[in-house]
Amino acid sequence: MSDRKIIDSEELLRLIKSNTRKNKDEEGDLDYDIFVGFDDGTYEGIEVDSSYHILVRNEFLFISQVKEFLEIWDGGNLEKEGENATWFISDYFSDGNIYELEDVGRVFEEYIVKEDKFIVVESHYELFKTMIENPGKSIVVEWSR
């Protein structure tokens, strides 16, 4: 894990603000799928679509769900595994509380522990591997559509 980038919540908030659209007519630069980890291996998901909105999932993601996914898809075609991991996360974020992008500071205050550190990964498949290797650690996927 030492070669992975780790950022604190303040740096994550700055990144999100700098990559979010500035006007309603613009597209954001990067999207962020944030998974706040808990000691029991559960995760609370926050999706920041930097062009449209923030969605906070009403349901936890359990490490057992990630393990089930990897049991089915791990070890095959890496491109297909990555695509399926992205679809899995997309399905996970299909419902939740929606906030305006301008409310990102309030969302952070409400859902993210200020002292939390986040492991930064570049794909949803890497997210799953990182969850298994570091259960309960908070993770963010910084990605471009």
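What you see is a predicted model; the values in this text were computed from it and never measured. Numbers here are sequence positions counted from 1.
- Residues L70 and Y125 are in side-chain contact: their nearest non-hydrogen atoms beyond the backbone lie under 4.5 Å apart.
- Residues I46 and F108 are not in side-chain contact: their nearest non-hydrogen atoms beyond the backbone lie 4.5 Å or more apart.
- Cluster annotation: V107 is connected to F38 through the hydrophobic network of ILVMFWY side chains, with a link wherever side-chain heavy atoms come within less than 4.5 Å.
- Residues E44 and F60 meet the side-chain proximity criterion, which asks for heavy atoms closer than 4.5 Å.
- A 4.5 Å side-chain heavy-atom check between L127 and D33 finds every atom pair outside the cut-off.
- Put simply, the side chain of Y43 reaches to within 4.5 Å of the side chain of I63, judged on heavy atoms.
- Inter-residue side-chain proximity for I54 and D49 is flagged as unmet; no heavy-atom pair is nearer than 4.5 Å.
- With contacts defined as side-chain heavy-atom distances shorter than 4.5 Å, the pair F62/K67 does not qualify.
- The CG atom of N84 sits 13.0 Å away from atom NE2 of H124, with the distance rounded to the nearest 0.5 Å.
- Atom CG in D116 sits 9.0 Å away from atom NZ in K137 (nearest 0.5 Å).
- In the displayed structure, E122 atom CD is contacted under 6.0 Å by at most 12 heavy atoms of other residues, nucleotides or ligands.
- Taking all atoms of both residues into account, the shortest heavy-atom contact from K22 to E26 is N-OE1, 2.7 Å.
- To the nearest 0.5 angstrom, I119 atom CD1 is 11.0 Å from I7 atom CD1.
- The two atoms that bring D29 and S50 nearest to each other are N-OG, 3.7 Å, heavy atoms only.
- A distance of 11.5 Å separates CZ of F118 from CD1 of I6, quoted to the nearest 0.5 Å.
- Contact of the V36 side chain with the V113 side chain is not registered, since no non-hydrogen atoms from C-beta on lie closer than 4.5 Å.
- Of the possible donor and acceptor atoms, none in the side chain of Q65 sits under 3.5 Å from a partner among the backbone N and O of L61.
- Between the S18 side chain and the R14 main chain, a donor and an acceptor come within less than 3.5 Å of each other.
- Between atom CG of residue D31 and atom OG of residue S51 there is a gap of 6.0 Å, rounded to the nearest 0.5 Å.
- Under the 4.5 Å side-chain heavy-atom criterion for Ile, Leu, Val, Met, Phe, Trp and Tyr, V48 and W143 are members of distinct hydrophobic clusters.
- Salt-bridge annotation for E133 and R4: present, with a side-chain N of the basic residue lying under 4.0 Å from a carboxylate O of the acidic one.
- Aromatic rings from F35 and F93 are positioned such that their centres are separated by under 6.0 Å.
- The pair E10-K114 counts as a salt bridge, with a side-chain nitrogen and a carboxylate oxygen less than 4.0 angstrom apart.
- Residue E126 forms a side-chain contact (heavy atoms from CB on, under 4.5 Å) with just one option from V141, I139, V121, V120, and that option is V121.
- Taken from CD1 in I98 to OH in Y52, the straight-line distance is 13.5 Å, to the nearest 0.5 Å.
- Taking hydrophobic clusters as Ile, Leu, Val, Met, Phe, Trp and Tyr residues chained together by side-chain heavy-atom distances below 4.5 Å, Y92 shares a cluster with I72.
- Following chains of ILVMFWY side-chain contacts shorter than 4.5 Å, one cannot reach Y32 starting from L55, and the two form parts of different hydrophobic clusters.
- Between the side chain of S144 and the backbone N or O of L30, no donor-acceptor pair lies under 3.5 Å.
- D39 CG: 12 or fewer foreign heavy atoms inside a 6.0 Å radius.
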